[in-house]
Student: 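Please see the structure below; I have some questions.
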Number of protein chains: 2
Amino acid sequence: MNEHLKKINALIDGFDAETNSALQAISKTKKYKKGEFLLYQGEVCKSSFWIEEGITRKYYMNEKKEVTTELLFKHDLAVAFSSYVSNQPSREFIQAITDVTVSCMDKNAFQHLKINHPQLIQLDLLMTEYYTMWLEKRLFEFHTLSAMERYKLLLKEQPDFIRHIPLTYIASYLGISLETLSRVRTKI
Amino acid sequence: MNEHLKKINALIDGFDAETNSALQAISKTKKYKKGEFLLYQGEVCKSSFWIEEGITRKYYMNEKKEVTTELLFKHDLAVAFSSYVSNQPSREFIQAITDVTVSCMDKNAFQHLKINHPQLIQLDLLMTEYYTMWLEKRLFEFHTLSAMERYKLLLKEQPDFIRHIPLTYIASYLGISLETLSRVRTKI
DNA sequence: TTTGGCATTTGACTTAAATCAAATAATTAG
DNA sequence: CTAATTATTTGATTTAAGTCAAATGCCAAA
């Protein structure tokens, strides 16, 4: 998996100065306070958010309950994927759960850049592949692991981050109730 | 979602004759008997399989049990994605569950073609996006629906196909036991 | 047409996790 | 510093789904 990140970095390292400055030109730094929204449900996702500092989450409402789909940290890319790709209103919110700094890249501008910079299509593909492999892994976890196993795995893979996130979000990310998560934690 | 298939078709329709014949040249038709394997676990997935006739499934073993990750029908693309993308041994098997005819495209040849045909990178991206949106939808279903709801949804979305597939595969695709599936079925 | 092997259903019981309710603990605002 | 929120834990109970076991149904090959 990490191999793939290397590929992405290698590609970016190979970009010429003109491509880099073009990318710079369509990106801008934004700051959000804890609790603020980078994207609301119902909005079409027209930007991607590269997290430079802080933590965000993606979630949607299901029968009055929040379902957290993704927790995003420094150097992650926050996008409501289906909305971004198909220009449909997003089912998901993207929310800052700490104060956050992001580099926000406009989708339309990026699409235009791709026309004259085929390397950027390649970049888009590699990033999408990365997210896709992450989704496959997550689906595998839902398909085969119990609540406790999923929590243990998360703890193993993201030990330091987890400390900064309220258990409600973690529980909903794992697809279990807050109480079950609390009980699981005592048994470890 | 279907909009996205239209995009893919529009892109392909716009290919020039040379691109098309190049694609033809790196594809070959293969036939598999019911039960045979298009890909074994442990093999690196070096082809993609466009289903022209019949049904296949992707699955892996977990604690001696089969976990079906995907059921693929006519006009679907069967690939062990993570293996294909990262050249790692596949965790998944791809198996014909009826007699099957596929158009098998060599990955390396396709990668080479992409160098001189940037349109093909675009195709690759669109196909990957399509799969990614499907994964997001499937994850949503695991995250929020009960066994019965998942079955009902499958029944609604794939009514005719389901008839041709043993319940064991459907149960494992839905992430529930065979017995639970059987009971769910009587209550509909 | 019978038989042996799958596929599916049904029954009894167990278990993981949800729900509802309340008690602590920890933060944050005034 | 204390009150007021918010976060987390603990307890009692229910429920969805799993497991184990057996019965029945359904073909397909001899």
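Order of the sequence lines sets the chain letters (A, B, ...), proteins ahead of strands, with each chain counted from 1.
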Student: Can A:Thr68 and A:Ser172 be counted as having a side-chain donor-acceptor contact under 3.5 angstrom?
Tutor: yes
Student: Nearest whole Å is fine: how far is C:dT9 P from B:Lys187 NZ?
Tutor: 13 Å
Student: Quick one: list whatever passes side-chain hydrogen bond (donor to acceptor under 3.5 Å, both in side chains) with B:Glu36, sequence neighbours left out.
Tutor: none
Student: Expressed in angstrom and rounded to an integer, what is the separation of B:Lys34 atom NZ from C:dA7 atom C1'?
Tutor: 11 Å
Student: B:Tyr169 OH to C:dT8 C1': how many Å, rounded?
Tutor: 15 Å
Student: Starting at atom CD1 of B:Ile170, determine the distance to atom P of C:dT9, rounded to an integer number of angstrom.
Tutor: 11 Å
Student: Using five pairs at either end of the helix from C:dT1-D:dA30 to C:dG30-D:dC1, determine the angle between the two local helix axes and round it to 10 degrees.
Tutor: 40°
Student: Using a distance-only test with no angle check, is there a side-chain donor-acceptor pair under 3.5 angstrom linking A:Thr128 and B:Thr128?
Tutor: no
Student: Who passes side-chain hydrogen bond (donor to acceptor under 3.5 Å, both in side chains) against A:Arg183, sequence neighbours left out?
Tutor: none
Student: What distance do B:Tyr40 atom OH and B:Gln95 atom CD have between them, rounded to the nearest 0.5 Å?
Tutor: 9.0 Å
Student: Could you encode protein contacts along nucleotides 14-21 of chain D as a string, one character per nucleotide from 5' to 3', using B for base contact, S for sugar-phosphate-only contact and - for no contact, with a heavy-atom cut-off of under 4.0 Å?
Tutor: ---SBBB-
Student: Could you grab the distance from atom CD of B:Glu129 to atom NE2 of B:His4, nearest 0.5 Å is fine?
Tutor: 4.5 Å
Student: If you look only at pairs with a residue in residues 89-126 of chain B, which of them pass as a ring pair (Phe, Tyr, Trp, His ring centres under 6.0 Å), with sequence neighbours excluded?
Tutor: B:Phe37-B:Phe93, B:Tyr59-B:Phe93
Student: Looking at B:Arg185, I'd like to know whether one of its side-chain N or O atoms comes within less than 4.0 Å of OP1 or OP2 on C:dT8.
Tutor: no
Student: Expressed as a whole number of angstroms, how long is the span from A:Ile165:CD1 to D:dA7:P?
Tutor: 13 Å
Student: Write out all pairs satisfying salt bridge (charged side-chain N to carboxylate O under 4.0 Å, His left out) with one or both partners inside residues 101-124 of chain B, taking only residues at least two apart or from two chains.
Tutor: B:Lys114-B:Asp124
Student: When you measure from the centre of the six-membered ring of B:Tyr173, is the NZ or CZ of B:Arg57 closer than 6.0 Å and no more than 45° off the axis?
Tutor: no
Student: Round to the nearest Å and state the distance from A:Lys64 atom NZ to C:dC20 atom P.
Tutor: 12 Å
Student: Please report, rounded to the nearest Å, how far the C1' atom of C:dA17 is from the CG atom of A:Leu174.
Tutor: 13 Å
